[in-house]
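Read the structure below first, then the notes.
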2 protein chains.
Amino acid sequence: MAQKREYLSKNQKIVLDYIEKANQPLKAYSILFNVQKKGLKAPPQVYRALDRLVEIGKVHKIESKNAFVACKNSNCTISNATAFSICDGCEKVTEISNPKLSKYLSGFQDNSGMKYNKYNLEFFGLCKKCR
Amino acid sequence: MAQKREYLSKNQKIVLDYIEKANQPLKAYSILFNVQKKGLKAPPQVYRALDRLVEIGKVHKIESKNAFVACKNSNCTISNATAFSICDGCEKVTEISNPKLSKYLSGFQDNSGMKYNKYNLEFFGLCKKCR
DNA sequence: TATAACATTGTTATATTATAACAAATTTAT
DNA sequence: ATAAATTTGTTATAATATAACAATGTTATA
Ligand SMILES: [Zn+2]
Ligand SMILES: [Zn+2]
Ligand SMILES: [Zn+2]
Ligand SMILES: [Zn+2]
């Protein structure tokens, strides 16, 4: 059984700090560029930190944008049930925190025999400002 | 108003034919390699065809895998409401066709003021064989 | 404290995915 | 027939992500 630290390593903290300060999804290479002054010089350092942060649910990947955003859902320490709202106009991304929705999806079953333990949902549309 | 052909062009047909023969998601460069004998020599030719096929709903992109799969949902001529089941063991991907689910999600609203017109949902888990 | 086991970091190189830009050919509308 | 629009072919390059391995740091426990 591989043990894992329950605290964040130096690089993980640097990357998380930077992502948390942004209130929008960030691209990996944009993060890299911005944490170079902190000593992270090459892509693997950023991608490794991101992998871990995503794994523990501190950060989510917006798959349709290849971008990373801090979790805004304080009771979402696990990353196995994520839903986002994405504006096609201004690209604003918001994490949806809706107990009914998550309950519905977490309990979803079909007749395929699949046992689901994770989902990611991305909604697209236009926000108020962009309509 | 940009007019668009309602039939498929030569390259679009070639790419769609190939994707429809596979019963699994395919990567763009694997498609490229396999349609080179049909004359499509470079990435833009494949990506252009894919873009269009996705736009008209004949093909869906599995965002978490950067892969493309033919639509198996005959009444889904539009591509604005997609749901997939993905096995983390064998990587089998199935398009979910569940009227209740799609009705629930198509009608989803929150208090953010967003007007949703599209969603993509990816479920992950283990299929019968992989458990 | 030693030291072995393990996890993290630093580093270089490379793989994979996707698009920009523009000329040529084809198709469609007038 | 001609103009407009779309599709295609082509080259180059951008953007995203991982492999591989040595060096360093951390943890457990002998
Ligand atoms: Zn979250
Ligand atoms: Zn907007
Ligand atoms: Zn479909
Ligand atoms: Zn399976």
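Numbers restart at 1 for each chain; the letters A, B, ... are given by sequence-line order, proteins then strands.
Rounding to the nearest 0.5 angstrom, the gap separating the CG atom in B:N120 from the CD atom in A:E122 is 6.5 Å. The CZ atom of B:F108 sits 4.0 Å away from atom CG of A:N98, with the distance rounded to the nearest 0.5 Å. Rounding to the nearest 0.5 angstrom, the gap separating the OG1 atom in A:T82 from the NZ atom in A:K118 is 6.0 Å.
In this entry the distance linking CG of B:L50 with P of D:dT8 reads 13 Å, nearest Å. Rounded to an integer number of Å, the gap from CG of B:L8 to C1' of C:dT26 is 17 Å. For the pair A:K61 NZ and D:dA15 P, the computed distance is 17 Å after rounding to whole Å. In this entry the distance linking CD1 of A:I62 with P of D:dT16 reads 14 Å, nearest Å. Between the NZ atom of B:K38 and the P atom of D:dG9 there is a distance of 14 Å, given to the nearest Å. Going from atom CD1 of B:I14 over to atom C1' of D:dT8 covers 11 Å, rounded to whole Å. Between B:L40 atom CG and C:dA18 atom P there is a gap of 17 Å when expressed in whole angstrom units. For the pair A:E63 CD and D:dT16 C1', the computed distance is 12 Å after rounding to whole Å.
Distances from the side chain of B:P43 to the nucleotides C:dT19, D:dC21, D:dT16 place C:dT19 closest. Here D:dT7 is the nucleotide among D:dT7, D:dA17, C:dT11 with the atom lying nearest to any side-chain atom of B:R52. The side chain of B:K10 sits closest to D:dG9 out of D:dT27, C:dT11, D:dG9. The side chain of B:S9 sits closest to D:dT7 out of C:dT8, D:dT7, C:dT11. Comparing atom distances between the A:N66 side chain and each of D:dT8, D:dT16, D:dA20 picks out D:dT16 as nearest.
Of all heavy-atom pairs between A:Y18 and A:L26, the closest is CE2-CD1, 3.5 Å.
Put simply, B:Q45 has no side-chain N or O that comes within less than 4.0 Å of OP1 or OP2 on D:dT8. Regarding contacts with the backbone of D:dT18, every side-chain N or O of A:R48 stays at 4.0 angstrom or more from both OP1 and OP2. Between C:dT16 and B:K27, no contact under 4.0 Å exists linking OP1 or OP2 to a side-chain N or O.
Judged by closest nucleotide on DNA chain D, B:N11 is the one of A:A28 and B:N11 placed further toward the 5' end. In this structure, B:K65 and B:P44 both approach DNA chain C, and ranking their closest nucleotides by distance from the 5' end singles out B:K65.
Both distances falling under 3.5 Å, in either a Watson-Crick or a G-U wobble arrangement, place D:dA30 opposite C:dT1.
Judged by distance alone, with hydrogens and angles left aside, B:Y47 brings no side-chain donor or acceptor close enough to the base of C:dA20 to form a pair under 3.5 Å. For C:dA15, the base has no donor-acceptor partner in the side chain of B:Y29 [N/O atoms by modelled type, under 3.5 angstrom].
Using a cut-off of 4.0 Å between Lys/Arg side-chain N and Asp/Glu carboxylate O, A:E91 and A:K65 are scored as salt-bridged.
Between A:Y104 and B:L101, some side-chain heavy-atom pair lies under the 4.5 Å cut-off.
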